[in-house]
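Below is one structure, written out as structure tokens; comments come after it.
These numbers were taken from a predicted model, which means no experiment stands behind them. Proteins come first, then strands; the chains are lettered A, B, ... in the order of their sequence lines, and each starts at number 1.
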Number of protein chains: 2
Amino acid sequence: MSRFDISIDDILMAMGRPALIDREAILEAGLAIADEQGLESVTMQAVAERLGVTPMALYRHVANKSTLLDGLVELLLAEFLPPPAGLPWPERLAGVAGAIRESAHRHPAVFPLLLQRPATTRAAREMRASIFRALEEAGVSPERAARTERLISTAILGFATSEVAGRFSRCSRRELDLDFDLLQDLLRGFIDDQVRR
Amino acid sequence: MSRFDISIDDILMAMGRPALIDREAILEAGLAIADEQGLESVTMQAVAERLGVTPMALYRHVANKSTLLDGLVELLLAEFLPPPAGLPWPERLAGVAGAIRESAHRHPAVFPLLLQRPATTRAAREMRASIFRALEEAGVSPERAARTERLISTAILGFATSEVAGRFSRCSRRELDLDFDLLQDLLRGFIDDQVRR
DNA sequence: ACCTGAACACCGTTCAAGT
DNA sequence: ACCTGAACACCGTTCAAGT
């Protein structure tokens, strides 16, 4: 009846044995399901089952399904490792673009969500910062850098999303590789333009 | 018991009185709900209720919810009217881009789906054709036109999606207007580049 | 032909209860 | 603290039945 019905021993014993699941395990299970069976297969029940637990157990670790999906997006962002700092900026930028595209191919179901969430998480800021540094090194003025970065990352995300979400389903992989090369030329020309002003 | 339990009179009477709903009414109700309350509020029950009908009645007119959503995308595409043919190509292209962006602002919930469906419907082909004609007039060779068109429309769709789906939620409308202007400059420069080769 | 009632399997989520 | 059982409101969908 009262809250003291739970004995201290009970609590200590519960604390002693490690939790069956945690936030990270939940997100990884969700991402695996999304990769294997698509986003609509990511249900609380499916995630729980993969972890050998009941759906209700998830709610101690994630607020609800919507924040679980936010967490999946975070997981993708965390994969966008900043490229090696030693390289000259064009190669660093190409590295970032390539890493983003590869992530899209690994996670075609979750990737489109990237375009739909404010890029305010730590990993998102880091990716932005790495593009910023490349632009700075290229000679883009700080006043222009933010806008330039937005357009560059939007173009890359838009292309990668179209590619994996099926808008280009009639194009061969080879065609799309060439598209991507051309996109990078386009962005390169754009940056040169921004520098010249 | 047998199928002849339905009398011809019954059928004629049913045929005589006009159907309560049809595919078009369903799609328009779905779009209205999406615009007003977001995509996740578009349920079979909500659409049916708006039409004064039970959810089961919808299934005679649309195969299932997924094709209903496809229909909403179609509705957006139908709004991308081809620009007046008399104008010079740069203005026509700007017209298309502006029309796409306006559609995104009118239908922020449905618009992101455009990036996720193969662009094979009639309206999608028409929009592509109008960009093609502009590129041709600009002097882009036919071999380059398809790839150029893909990159242009991807950039526009990607930007408009980011804008209405919340990725730029920290930017003011004025900032985004300037972003869009710059995007069009970028695309213009890209086309000039394609012509020069 | 077109719509409804009843029914099913499946969702997300809450809350009290167990350990 | 962490998980479960029971329960609720709400989904999408099917099918037989009504008119």
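Remark: the B:Glu163 side chain and the B:His105 side chain contain an N/O donor-acceptor pair separated by less than 3.5 Å.
In DNA chain C, the stems built from three or more successive Watson-Crick or G-U pairs (distances below 3.5 Å) are C:4-8 with D:12-16, C:12-16 with D:4-8.
A:Arg23 meets the salt bridge (charged side-chain N to carboxylate O under 4.0 Å, His left out) test with A:Glu74; sequence neighbours excluded. When the salt bridge (charged side-chain N to carboxylate O under 4.0 Å, His left out) test is applied to B:Arg188, the partners found at least two apart in sequence or on another chain are B:Asp192.
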Give every donor-acceptor pair under 3.5 Å between a side-chain atom in residues 149-160 of chain A and any protein atom, sequence neighbours left out.
{"unit_1": "A:Glu149", "atom_1": "OE2", "unit_2": "A:Ser153", "atom_2": "OG", "d": "3.1"}
{"unit_1": "A:Arg150", "atom_1": "NE", "unit_2": "B:Asp179", "atom_2": "OD2", "d": "2.6"}
{"unit_1": "A:Arg150", "atom_1": "NH2", "unit_2": "B:Asp179", "atom_2": "OD1", "d": "3.1"}
{"unit_1": "A:Arg150", "atom_1": "NH2", "unit_2": "B:Asp179", "atom_2": "OD2", "d": "3.4"}
{"unit_1": "A:Ser153", "atom_1": "OG", "unit_2": "A:Glu149", "atom_2": "O", "d": "2.9"}
{"unit_1": "A:Ser153", "atom_1": "OG", "unit_2": "A:Arg150", "atom_2": "O", "d": "3.4"}
{"unit_1": "A:Thr154", "atom_1": "OG1", "unit_2": "A:Arg150", "atom_2": "O", "d": "2.6"}
{"unit_1": "A:Thr154", "atom_1": "OG1", "unit_2": "B:Arg167", "atom_2": "NH2", "d": "2.6"}

Side chains of residues 75-83 of chain A: which donor-acceptor pairs under 3.5 Å do they make with residues two or more places apart or in other chains?
{"unit_1": "A:Glu79", "atom_1": "OE1", "unit_2": "A:Arg106", "atom_2": "NE", "d": "3.4"}
{"unit_1": "A:Glu79", "atom_1": "OE1", "unit_2": "A:Arg106", "atom_2": "NH2", "d": "3.0"}
{"unit_1": "A:Glu79", "atom_1": "OE1", "unit_2": "A:His107", "atom_2": "NE2", "d": "3.3"}
{"unit_1": "A:Glu79", "atom_1": "OE2", "unit_2": "A:His107", "atom_2": "NE2", "d": "2.9"}

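Rounded to whole angstrom, the span from the CG atom of B:Leu51 across to the C1' atom of C:dC2 amounts to 14 Å. Rounding to whole angstrom units, CD1 of residue B:Ile21 and C1' of C:dA1 are separated by 12 Å. Put simply, CG on B:Leu20 is 8 Å from C1' on C:dC2, counting in whole angstrom units. At whole-Å resolution of the value, NE2 in B:His61 and P in C:dA1 are 12 Å apart.
Taking the charged nitrogens against the carboxylate oxygens, B:Arg122 and B:Glu126 do have a contact shorter than 4.0 Å, which makes a salt bridge.
In this structure, the side chain of B:Arg125 engages the main chain of B:Thr120 through a donor-acceptor pair within 3.5 Å.
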Return the polar atom pairs (N/O with N/O) between nucleotides 10-14 of chain C and the protein under 3.5 Å, or none.
{"unit_1": "C:dG12", "atom_1": "OP1", "unit_2": "A:Met44", "atom_2": "N", "d": "3.4"}
{"unit_1": "C:dG12", "atom_1": "OP1", "unit_2": "A:Lys65", "atom_2": "NZ", "d": "3.1"}
{"unit_1": "C:dG12", "atom_1": "OP2", "unit_2": "A:Met44", "atom_2": "N", "d": "2.8"}
{"unit_1": "C:dG12", "atom_1": "OP2", "unit_2": "A:Gln45", "atom_2": "NE2", "d": "2.6"}
{"unit_1": "C:dT13", "atom_1": "OP2", "unit_2": "A:Tyr59", "atom_2": "OH", "d": "3.1"}
{"unit_1": "C:dT13", "atom_1": "OP2", "unit_2": "A:Lys65", "atom_2": "N", "d": "2.9"}
{"unit_1": "C:dT13", "atom_1": "O5'", "unit_2": "A:Tyr59", "atom_2": "OH", "d": "3.4"}

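Across all their heavy atoms, A:Leu115 and A:Thr161 have their closest contact at CD2-OG1, 3.9 Å.
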